[in-house]
Amino acid sequence: MADSASLSGYEKQRLANMAANRRVLESLGLGGGGHGGSFVPSSKKLKTPIKKKRARPAASPADNGGSYQSACRTSPRLRQSSEGALLPLGKTDSMLPWPQERTPEKVEKPPDTFGEVPGFPVGSFWEMRAECCADLVHRATVAGIVGTPESGCYSIVLNGGYADDVDDGELLTYTGSGGRSLKGTAANPKNLRTGPATHDQTLDGKEGRYNAALYKSHETRQPVRVVRGYKLDSQWAPLGVDFGGEANYRYDGLYTVERAWLGMGLEGFRVWKFALKRQPGQPELMRERVEED
DNA sequence: GGGCCCGCAGGG
DNA sequence: CCCTGCGGGCCC
């Protein structure tokens, strides 16, 4: 670790924000770092992809007629059926409710629900967000938060979108959405999916609806499904298929929203922050990475 | 690495 | 129709 004098203002602020986030998590009962979790192999996080390019199977709607098929796989430790028989790769005895075949027509989706999605237990994983979306575990292809201000939040994806979020596995902090200009300028109009922060996040309106969903969950204490992505800088994140792992996105179980507060983001605007705690009685988290340095 | 484009789901 | 967003691919 470099001495603090050599750190940029941004990096100092990042560390300060992370320290503040950790204090929130510590107030929820667990000391920071190193607890729980089954320690799976010691594959270091690679700095560069193993292969420059992977041949990705038809994975865009244009390639398969307008819809994503289910491409969920189940982790090796879950790959045995309840009877103990080894199942064919990629199949579990409970993996049935969602189409196994390609579905050219738009599929009518049932309303979203709280809690585990039948057929997709803790440890289920995917290569792409769209597949996770098709399986109804996180019903958005890009957005990190799914839910409504009225019902609450059904699911979130942790994928390193905010550099000062803290992930201790059982406890984590998560930053809300909004506060960005995605339209570009009149002279140079864009249609961005993300962009630099330009204003404070809010709980209001369509821009704040996802924050309001998490805030509602803080009140209702309904469980939130948590999916971790490979871009998350955490020992609890999946390695990523380009880095020697088998998952890019992994369902890690149900969490409750324990805290909700307005904080200062790294880009100089207010952001909504949430602290989540994993519900007890679930399979242990997988730890595919060694300690980050 | 960064920049840019555009598909998609979901909600107003 | 419009808008949002922790994608993914491509180019440089």
Side-chain angles (χ1 to χ4, degrees), chain A residues 47-49 52-69 71 103 106-112 126-167 172-185 188-199 201-214 224-234 237-238 240-242 248-250 252 265-267 271-274 276:
Chain A
K47 301 296 184 196
T48 54
K52 290 240 189 284
K53 281 220 190 259
R54 290 182 78 257
R56 295 182 188 275
S60 93
D63 294 334
N64 69 10
S67 185
Y68 285 92
Q69 66 180 122
T103 50
K106 286 282 182 188
V107 179
E108 194 75 22
K109 293 184 177 181
D112 210 339
W126 303 264
E127 187 170 333
M128 298 217 228
R129 281 282 303 267
E131 299 157 351
C132 177
C133 175
D135 287 337
L136 306 185
V137 173
H138 184 77
R139 303 164 69 132
T141 55
V142 177
I145 305 168
V146 167
T148 70
E150 295 75 29
S151 302
C153 174
Y154 299 104
S155 55
I156 60 174
V157 175
L158 280 60
N159 207 16
Y162 291 82
D164 52 355
D165 276 328
V166 168
D167 179 22
L172 61 92
T173 65
Y174 193 79
T175 303
S177 60
R180 307 176 184 280
S181 173
L182 305 175
K183 298 189 238 193
T185 63
N188 189 19
K190 305 281 185 192
N191 185 13
L192 303 171
R193 302 296 177 269
T194 186
T198 56
H199 52 283
Q201 290 187 3
T202 172
L203 295 178
D204 306 317
K206 60 184 166 190
E207 202 185 321
R209 65 188 145 158
Y210 298 129
N211 302 337
L214 275 164
V224 175
R225 292 185 295 272
V226 167
V227 172
R228 282 186 175 83
Y230 68 102
K231 285 183 276 187
L232 179 65
D233 184 15
S234 159
V241 296
D242 288 343
N248 278 341
Y249 300 96
R250 186 188 63 216
D252 277 349
L266 277 178
E267 296 176 85
V271 293
W272 276 94
K273 303 288 294 186
F274 304 91
L276 282 78

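Proteins come first, then strands; the chains are lettered A, B, ... in the order of their sequence lines, and each starts at number 1.
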Worksheet item: How would you label the contact of A:Leu158 with the nucleic acid (heavy atoms, under 4.0 Å): base, sugar-phosphate, or nothing?
Response: base

Worksheet item: Is any side-chain N or O of A:Arg129 closer than 4.0 Å to OP1 or OP2 of C:dG7?
Response: yes

Fill in: Residue-phosphate contact under 4.0 Å: A:Lys231 side-chain N/O, C:dG7 OP1/OP2
yes

Worksheet, complete the sentence: On a heavy-atom basis, the closest approach of A:Leu136 and A:Arg225 is O-NH2, 3.7 Å

Practice prompt. For B:dC8 and C:dC10, measure between their P atoms and round to the nearest Å.
Written response: 15 Å

Worksheet entry | N or O in side chain of A:Tyr249 less than 4.0 angstrom from C:dG8 OP1/OP2 | yes

Discussion item. Using a 3.5 Å distance criterion without hydrogens, assess whether the side chain of A:Gln201 forms a donor-acceptor pair with backbone atoms of A:Gly176.
Written reply: yes

Worksheet item: Relative to the 5' end of DNA chain B, which residue comes earlier, A:Cys133 or A:Lys190, by the nucleotide with the nearest heavy atom?
Response: A:Lys190

Worksheet item: Base, sugar-phosphate, or nothing: which does A:Arg180 touch, judged by heavy atoms less than 4.0 Å apart?
Response: nothing

Discussion item. Between C1' on B:dC5 and CG on A:Leu192, what's the gap in Å once rounded to a whole number?
Written reply: 10 Å

Worksheet entry | Sidechain-backbone polar pair: A:Ser155 side chain, A:Val146 backbone, donor-acceptor under 3.5 Å | no

Discussion item. Nearest whole Å is fine: how far is C:dG7 C1' from A:Asn159 CG?
Written reply: 9 Å

Discussion item. Regarding A:Gly229, tell me which of base, sugar-phosphate or nothing describes its non-hydrogen contacts under 4.0 Å with the strands shown.
Written reply: nothing

Discussion item. So A:Thr141, base contact, sugar-phosphate only, or nothing? Heavy-atom distance under 4.0 Å.
Written reply: base

Response to the item:
When every non-hydrogen atom of A:Ala212 is compared with those of A:Leu203, the smallest separation belongs to CB-O, 3.5 Å

Worksheet item: From B:dA9, C:dG8, C:dG5, pick the nucleotide closest to the side chain of A:Lys109?
Response: B:dA9

Fill in: Nearest-neighbour nucleotide for the A:Tyr162 side chain, C:dC6, C:dT4, C:dG8 considered
C:dC6

Worksheet item: Across the strands shown, which category fits A:Asp165 at heavy-atom distances under 4.0 angstrom: base, sugar-phosphate, nothing?
Response: base

Worksheet item: Tell me, do A:Ile156 and A:Tyr174 make a side-chain contact under 4.5 Å, heavy atoms counted?
Response: yes

Worksheet item: Starting at CH2 of A:Trp126 and ending at P of C:dG7, how long is that distance when rounded to a whole Å?
Response: 14 Å

Fill in: Ring-on-base stacking C:dC6 with A:Tyr174 (under 5.5 Å, under 30°)
yes

Practice prompt. State which of B:dG10, C:dG8, C:dG7 makes the closest approach to the side chain of A:Arg209.
Written response: B:dG10

Item to complete: Measure from NE2 on A:His138 to C1' on C:dG5 and round the result to the nearest Å.
Response: 9 Å

Fill in: Closest-nucleotide ordering on DNA chain B, the 5'-leading residue of A:Glu150 and A:Val142
A:Val142

Practice prompt. Could you state the atom-to-atom distance from CE of A:Met128 to C1' of C:dG9 in whole Å?
Written response: 10 Å

Discussion item. Can you measure A:Asn248 atom CG to C:dG9 atom P for me and round it to whole angstrom units?
Written reply: 10 Å

Worksheet entry | Strand partner of C:dC6, provided both Watson-Crick or wobble distances fall under 3.5 Å | none

Item to complete: Have a look at A:Gly144 and say if it touches a base, only the backbone sugar-phosphate, or nothing, with a 4.0 Å heavy-atom cut-off.
Response: sugar-phosphate

Worksheet item: In whole angstroms, how far is the P atom of C:dC6 from the CG atom of A:Asp164?
Response: 14 Å

Worksheet entry | Distance test, side-chain N/O of A:Asn191 to OP1/OP2 of B:dC5, below 4.0 Å | no

Worksheet item: For A:Ile156 and C:dG5, what is the distance between atoms CD1 and C1' respectively, to the nearest whole Å?
Response: 15 Å

Discussion item. Could you measure the distance from the CG atom of A:Asn159 to the CZ atom of A:Arg129? Nearest 0.5 Å is fine.
Written reply: 7.5 Å

